[in-house]
Amino acid sequence: MIALRRASLVAFSFALSSLTAFAQGQPAQQPGGAQQQGGSQPEDPKSDEAIGRLIDDLVTANHILVDQGVLDGYGHVSVRSPRDPTHFYMARSVAPELVTAKDILEYDLSGEPVSVKDARLFIERFMHSEIYRARPDVMAVAHNHAPSLIPFGVTGVELKPLYHMSAFLGGGVPVFDIRAAGGETDMLIRNPTLGKAVAKTLGSRPVALLRGHGAVVVATDLPRVVFRSVYTEQNAKLQAQAMQLGGKQVKFLDAEEAKKAEASLGGTIGRPWELWKRKALAAQK
């Protein structure tokens with residue numbers, strides 16, 4: 001009887017505390033003092049542990065884009081530092097499939113490493129630094145040379161969203177012509193002036209093509225920049241196939257369809273990220 005009364009008292013006290021917490025807009029406490037799932041304090045994104053996981057995800061992003069056929073021996077991915085928005089992380093000059101956490105360096109917006117001075121660097125790091133400088137909203141940048149995208153940068157045929165997975169292309173895909181920006185070059189974005197010109201062409205859009213070179217893709221995080229990179233390349237393949245079949249009769253997403261489709265898919269980016277991550281990690285074993 002005493003034990004029953006004690007149990008009743010504990011249950012009543014917990015119910016009362018939960019009701020009070022609900023009224024005050026606070027998460028209820030579980031018996032034993034543990035908070036309910038979702039009530040714990042969020043991790044500090046600037047902590048050493050969080051930065052370590054971010055770097056691991058950056059390594060994984062490189063591997064995923066190789067596994068998905070977007071990158072090969074060339075191309076690179078970067079992510080802005082949560083500790084300092086004027087810094088970003090990117091690998092030294094190494095093939096994307098071979099990138100490890102030890103290869104990741106911290107850069108400033110001049111495109112130079114913060115501490116390491118003797119590493120071999122990507123020539124086109126200025127594409128990343130100048131986009132981060134021009135776009136405070138951008139947290140991740142990826143550059144690729146996917147063959148399926150090259151024709152759309154040299155023919156005048158506009159890359160448009162053909163299906164819902166590439167709805168983010170609905171705002172248009174501009175083409176950067178390095179000859180107009182820098183004269184006769186080797187086609188590489190090898191200095192800040194050319195990097196600024198790429199950022200200007202990109203504007204507020206998520207994707208820009210580089211004539212005779214490839215593409216640059218930006219997003220608010222690594223999973224999203226990977227998603228956009230994969231489905232930009234897929235859209236290019238599908239669009240080329242559709243145009244062979246239907247010519248000018250191809251029906252693209254209109255502005256409203258693209259807007260609604262992008263909003264619908266926005267909350268599902270973690271699904272392909274986890275799948276691609278597992279496949280990429282398995283391929284590394």
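Atom set for the values below is all heavy atoms of this structure, side chains included, hydrogens, waters and symmetry mates excluded. These numbers were taken from a predicted model, which means no experiment stands behind them.
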Please identify each residue that fulfils salt bridge (Lys or Arg N to Asp or Glu O under 4.0 Å) with Lys260, with sequence neighbours left out.
none
Residues 66-76 side chain polar contacts: donor-acceptor under 3.5 Å, at least two apart:
{"unit_1": "Asp72", "atom_1": "OD1", "unit_2": "Tyr74", "atom_2": "N", "d": "2.9"}
{"unit_1": "His76", "atom_1": "ND1", "unit_2": "His128", "atom_2": "NE2", "d": "2.8"}

Check: Val157 and Gln239 side chains under 4.5 Å, non-hydrogen atoms
yes
Apply salt bridge (Lys or Arg N to Asp or Glu O under 4.0 Å) to Glu124 and list each qualifying residue two or more places apart in sequence or on a separate chain.
none
Does atom CD of Glu97 have more than 12 heavy-atom neighbours, drawn from other residues, nucleotides or ligands, at distances under 6.0 Å?
no
Of all heavy-atom pairs between Pro113 and Tyr107, which one has the smallest distance, and what is that distance?
N-CD2, 3.8 Å
Please list all pairs passing the salt bridge (Lys or Arg N to Asp or Glu O under 4.0 Å) test where one or both residues lie in residues 44-58, with sequence neighbours left out.
Glu43-Arg53, Asp48-Arg83, Asp57-Lys277
Do the side chains of Glu274 and Arg278 get close enough for a salt bridge, i.e. N-O under 4.0 angstrom?
no
Any side-chain heavy atom of Ile189 within less than 4.5 Å of one from Leu210?
yes
Residues that His164 engages under ring-ring contact (aromatic ring centres under 6.0 Å, His included), provided they are two or more places apart:
none
Are Leu65 and Phe122 connected, step by step, through hydrophobic side chains (Ile, Leu, Val, Met, Phe, Trp, Tyr) whose heavy atoms are closer than 4.5 Å?
no
Taking only residues two or more places apart in sequence or in another chain, which ones pass ring-ring contact (aromatic ring centres under 6.0 Å, His included) with His63?
none
Heavy atoms of Val59 and Ala101 approach each other most closely as CG2-N, 3.5 Å
Please answer: with hydrophobic residues joined when any side-chain heavy atoms are less than 4.5 Å apart, are Leu281 and Trp276 in the same cluster?
no
Excluding Leu188, membership of its hydrophobic cluster (Ile, Leu, Val, Met, Phe, Trp, Tyr; side-chain heavy atoms within less than 4.5 Å) reads Ile123
Contacts table for residues 130-142: side-chain donor-acceptor under 3.5 angstrom, sequence neighbours left out:
{"unit_1": "Glu130", "atom_1": "OE1", "unit_2": "Arg133", "atom_2": "NE", "d": "3.1"}
{"unit_1": "Tyr132", "atom_1": "OH", "unit_2": "Ser78", "atom_2": "O", "d": "3.2"}
{"unit_1": "Tyr132", "atom_1": "OH", "unit_2": "Ser78", "atom_2": "OG", "d": "2.8"}
{"unit_1": "Tyr132", "atom_1": "OH", "unit_2": "Val79", "atom_2": "N", "d": "3.3"}
{"unit_1": "Tyr132", "atom_1": "OH", "unit_2": "Val141", "atom_2": "N", "d": "3.4"}
{"unit_1": "Arg133", "atom_1": "NH2", "unit_2": "Leu109", "atom_2": "O", "d": "2.6"}
{"unit_1": "Arg135", "atom_1": "NE", "unit_2": "Asp137", "atom_2": "OD1", "d": "2.9"}
{"unit_1": "Arg135", "atom_1": "NE", "unit_2": "Asp137", "atom_2": "OD2", "d": "3.4"}
{"unit_1": "Arg135", "atom_1": "NH1", "unit_2": "Gly203", "atom_2": "O", "d": "2.7"}
{"unit_1": "Arg135", "atom_1": "NH1", "unit_2": "Arg205", "atom_2": "O", "d": "3.1"}
{"unit_1": "Arg135", "atom_1": "NH2", "unit_2": "Asp137", "atom_2": "OD2", "d": "2.9"}

Which atoms form the tightest heavy-atom contact between Tyr231 and Ser166, and what is the distance?
O-CB, 3.8 Å
Ignoring hydrogens and angles, state whether a donor on the side chain of Ser81 or Asp84 is under 3.5 Å from an acceptor on the partner side chain.
no
Acceptor/donor pairs from residues 223-230 side chains to any protein atom, 3.5 angstrom cut, sequence neighbours excluded:
{"unit_1": "Arg224", "atom_1": "NH2", "unit_2": "Gly266", "atom_2": "O", "d": "3.4"}
{"unit_1": "Arg228", "atom_1": "NH1", "unit_2": "Val218", "atom_2": "O", "d": "2.9"}
{"unit_1": "Ser229", "atom_1": "OG", "unit_2": "Val225", "atom_2": "O", "d": "2.7"}

Non-neighbouring partners of Asp254 that pass salt bridge (Lys or Arg N to Asp or Glu O under 4.0 Å), sequence neighbours left out:
none
Using the test salt bridge (Lys or Arg N to Asp or Glu O under 4.0 Å), find all partners of Glu112 that sit at least two apart in sequence or belong to another chain.
Arg125
Taking all non-hydrogen atoms of both residues, which atom of Val175 and which atom of Gly153 are closest, and how far apart?
CG1-O, 3.6 Å
Hey, are the side chains of His213 and His145 touching, using non-hydrogen atoms and a 4.5 Å cut-off?
yes
Any idea which heavy atoms bring Ala236 and Ser148 closest together, and the distance?
CB-O, 3.4 Å
Hydrophobic clusters join Ile, Leu, Val, Met, Phe, Trp and Tyr when side-chain heavy atoms are under 4.5 Å apart, directly or via other members; which others share one with Val114?
none
Residue pair Leu253 / Ala261: nearest heavy atoms and the distance that separates them:
CD2-CB, 4.4 Å
